[in-house]
Visitor: 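Before anything else, here's the structure in question.
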Protein chains: 2
Amino acid sequence: MLDIAKGLNVSVVTVSKVLRNKGKISVATRKRVLQRAKELNYHTNWIARSLVTRRTFTIGLLLPDFTHPFFAEIAKAVAETVRPQGYHVIISYFEEDPELEKNESDSLMARQVDGLIAASAQSNSNLFENILARKVPVVLIDRPIAGVQASFVGADNEAIGKLATNHLIAQGCTRIAHLRGPKIGIAAARLAGYRHALQKHDLPLLPRYVVGARYVDSTGYTAMRKLLQQEPVPDGVFCYNDPVAIGAIKAISEAGLRIPHDIAVVGAGNVHYSDMLAVPLTRVDQCTGQSGKQAAELLMEQIGAKRKPRIKKILITPKLVVRQSTQR
Amino acid sequence: MLDIAKGLNVSVVTVSKVLRNKGKISVATRKRVLQRAKELNYHTNWIARSLVTRRTFTIGLLLPDFTHPFFAEIAKAVAETVRPQGYHVIISYFEEDPELEKNESDSLMARQVDGLIAASAQSNSNLFENILARKVPVVLIDRPIAGVQASFVGADNEAIGKLATNHLIAQGCTRIAHLRGPKIGIAAARLAGYRHALQKHDLPLLPRYVVGARYVDSTGYTAMRKLLQQEPVPDGVFCYNDPVAIGAIKAISEAGLRIPHDIAVVGAGNVHYSDMLAVPLTRVDQCTGQSGKQAAELLMEQIGAKRKPRIKKILITPKLVVRQSTQR
DNA sequence: AAAAATAGGGTAAACGATAATCCAATTGTA
DNA sequence: TACAATTGGATTATCGTTTACCCTATTTTT
């Protein structure tokens, strides 16, 4: 800017004003400045600007792992949502390590991010209380933390359970099983939705039809094999997530049963290769992108606001995607 | 820092030195400063520091789309590699739109990133020549751009083709087909590797055994069906990538043929759910993480260097992962 | 025609740090 | 004892931009 000003015999402030379209500047000087800026290939130094304006137009995104498609999709949606407002995203992941998460969030704060979106692994609210005390807006995503006075966005897991189970009922299934997942909150909510749907349709709620699929590898496969030993065998299975469903399908096929004729299968989550499977999988889409978008919108709202807006809890409504695995 | 200095009756510079472990400071004042800093909950303002040091300790990562597992893995590896050196990653994606890519890279430059890693969609070298002219180190990843004087890191696609084909040969296949992909450079290199391996083992190079799998959806499926109409039917298939292989497996199963007994199948790429498939897939792992890591290391090297280090082209050696789909 | 308003721009300070010098007091050396 | 070297720290300038305020013509209003 100094170079531009010198050559044109105007002050740096005048240049600054032109570049930001602020203040009263004649058309003539404006033109001259702009042209010279182009000639010199001038680009705003955002660091300097941020120092004085106290806004960096960056937000921090703190995730456990962004190779996981779920979080990758969130990252994309967030970046996409804030981009039109000139914001960029600084990513950071912490591998489920709360200590590392704390370090990283400190770093992000030191970099003066204007806001933070986090899918946190903290076991208590200390970290976020500190951040909020520094007046930095925070939006929690996917994982709520008790006691944190911040907005939250996540999937409506109970609705997912209901949607999947209701669909199986609508397809004529009467012996509906559930392969449940390990994550306390999420799995419990999906299970609750499953139960709720069964009750509402006066179907029996058999404990032996709910099998845990807790293991990392081929989790759905072994769980489904356990389920196949029940008498009578279920005619519909709601699987905690898509990988579990894929394992289940394998187990069912191996047992010589047909999908969906003998057993209908519903998955849930955000895996998008369902079409490539041997049996295209009916699944409940948890609309991950929506979550990311909403979180980003909430955050931007808070960043722009003078007074702290009310805290919101948003649950994203899932969507059923019907494929061959349940179409009788 | 001013607050710390005031309370202790020392200069701001002294505080600065303590906080950075620089200069000569007595143990006593050091202690006092550090304690007061903790009391006041002081955190470095990196924006201010960056302004004067001219280093932001951020790098820009410019990718087409980071929900794609390939790029997500790169992002993770990059972030992981630069973290120990205090660096953070600003992400940006451009949906294969060269114009958007240019805008985003400009933004990243304006944010004064210390370096840039890009999987670019530019059709010429202008953009990167501009960036390099501004003395910002650049490393290209996955996609080389002709005429750009920057280091490059990518998979060794010819080696991938060789590795896959040699493995099929070693398994006793003699009629080996290839489902080739659409991307010019990459697909061509893999095809070249395939041909090279065949020639080396004096196997015939039949054009009708090379089928394009160009379509987005169920690409491998239709291509494989075409292949199954050949006479004689191949006894081994090297698929351009894993999704193609999954489609191929489906087509083969439908045709009543057994894998690997009748036809052995090899995939390639970076999909990690191969184990969950009906037939666990033998594949060539292109070691995406390695690429990201190497790219990050090259970049950090350049950022640290006084003189511009020599430009390097690094090809990552692939790795064969044998599963059921080829184990006869 | 005088007063008020506006247009067009300049000045000085600040944002929160670091770099380069410099200086006084103490310590070591010949 | 005299001089040099070291210790511990202060001063001043700077990074590139914005903010708040001031100034002088010219134009508008009354």
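Note on naming: letters A, B, ... go to the chains in the order of the sequence lines (proteins, then strands), and numbering restarts at 1 for each one.
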Visitor: Do the rings of B:Y93 and B:F66 sit parallel, tilted or perpendicular, given the 30° and 60° boundaries?
Guide: perpendicular

Visitor: Apply salt bridge (Lys or Arg N to Asp or Glu O under 4.0 Å) to residues B:K312 and B:E301 and explain how you reach the verdict.
Guide: CA-CA 12 Å; B:K312 293 181 189 162; B:E301 203 177 294; 3.4 Å; yes

Visitor: Hey, does the side chain of B:S26 come within less than 4.0 Å of D:dT7's phosphate (OP1/OP2), counting only N and O?
Guide: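 It does not, given that no N or O in the side chain of B:S26 lies less than 4.0 Å from OP1 or OP2 of D:dT7.
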
Visitor: Take the protein atom CZ of B:R111 and the nucleotide atom C1' of D:dC15, then report the distance between them rounded to whole Å.
Guide: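 About 19 Å, once rounded to whole Å.
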
Visitor: Without decimals, in angstroms, what is the distance between B:I47 CD1 and D:dT17 C1'?
Guide: 13 Å

Visitor: Rounded to the nearest Å, what distance is computed from the CE atom of residue A:M1 to the P atom of nucleotide C:dG10?
Guide: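 After rounding, the gap between these two atoms is 12 Å.
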
Visitor: CG of A:D3 versus C1' of D:dT17: gap in Å, rounded?
Guide: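 Taking atom C1' of D:dT17 as the reference, CG of A:D3 is at 14 Å.
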
Visitor: Under 4.0 Å between any heavy atoms, over every strand shown, what does B:T53 touch: base, sugar-phosphate, or nothing? Just pick one.
Guide: sugar-phosphate

Visitor: Could you check whether the rings of B:F57 and B:W46 sit parallel, tilted or perpendicular, using 30° and 60° as the cut-offs?
Guide: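 Perpendicular: the ring planes of B:F57 and B:W46 meet at over 60°.
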
Visitor: Return the value, rounded to whole Å, for the distance between atom CH2 of B:W46 and atom P of C:dA17.
Guide: 12 Å

Visitor: Are the side chains of B:E101 and B:E104 in touch, meaning some heavy atoms are under 4.5 Å apart?
Guide: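 Result no, sub-4.5 Å side-chain heavy-atom pair not found.
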
Visitor: Hey, is the side chain of B:K24 poking within less than 4.0 Å of OP1 or OP2 on D:dG8, counting only N and O atoms?
Guide: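 No.
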
Visitor: Between D:dG9, D:dT17, C:dA17, which one does the side chain of B:N45 approach most closely?
Guide: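 Looking only at heavy atoms from C-beta outward on B:N45, the closest nucleotide is C:dA17.
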
Visitor: Please confirm whether the shortest side-chain N or O distance from A:R54 to OP1 or OP2 of C:dA14 is below 4.0 Å.
Guide: no

Visitor: Rounded to the nearest angstrom, tell me the gap between atom CG in B:L2 and atom P in C:dA14.
Guide: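 That distance rounds to 11 Å.
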
Visitor: Which nucleotide wins on minimum distance to the side chain of B:V13, given the candidates C:dG10, C:dC15, D:dT12?
Guide: D:dT12

Visitor: To the side chain of A:L51, which of D:dG16, C:dT18, D:dT18 is closest?
Guide: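 The listed nucleotide nearest to A:L51's side chain is D:dG16.
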
Visitor: Rounding to an integer number of Å, can you tell me how far B:R55 CZ sits from C:dG16 P?
Guide: 24 Å

Visitor: Report yes or no: is there a donor-acceptor pair, N or O only, under 3.5 Å between the side chain of A:K17 and the base of C:dG10?
Guide: yes

Visitor: Give the rounded distance in Å between these two atoms: CZ of B:R30 and P of D:dT7.
Guide: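 Rounded to the whole Å, the gap is 14 Å.
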
Visitor: Measure from the side-chain heavy atoms of A:V12 and tell me the nearest of D:dT18, D:dT19, C:dG16.
Guide: D:dT18

Visitor: Please determine if a side-chain N or O atom of B:R49 lies less than 4.0 Å away from the OP1 or OP2 oxygen of C:dT18.
Guide: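 Yes, such a contact exists.
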
Visitor: Under 4.0 Å, counting only non-hydrogen atoms across every strand here, what does B:S11 touch: a base, just sugar-phosphate, or nothing?
Guide: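 Base contact.
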
Visitor: Report which part of the nucleic acid A:S50 touches: base, sugar-phosphate, or nothing (heavy-atom distance under 4.0 Å, all strands).
Guide: nothing

Visitor: Is any side-chain heavy atom of B:V52 closer than 4.5 Å to a side-chain heavy atom of B:R54?
Guide: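 They are not in contact (no side-chain heavy atoms under 4.5 Å apart), so the answer is no.
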
Visitor: Checking B:S16 against B:R20: is there a side-chain donor and acceptor pair closer than 3.5 Å?
Guide: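 Result is yes, a qualifying pair exists.
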
Visitor: Would you tell me if any nitrogen or oxygen in the side chain of A:R20 comes within less than 4.0 Å of OP1 or OP2 on D:dT19?
Guide: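 Indeed, a polar side-chain atom of A:R20 lies that close.
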
Visitor: As a test of reading the structure: which of C:dT18, C:dG9, D:dT17 is closest to the side chain of B:S16, going by heavy atoms?
Guide: C:dT18

Visitor: By the 4.0 Å heavy-atom rule, please label A:N9 as base, sugar-phosphate, or nothing.
Guide: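 Touches sugar-phosphate only.
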
Visitor: Phosphate oxygens OP1/OP2 of C:dG9: is one of them under 4.0 Å from a side-chain N or O of A:T29?
Guide: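 Answer is yes, contact under 4.0 Å.
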
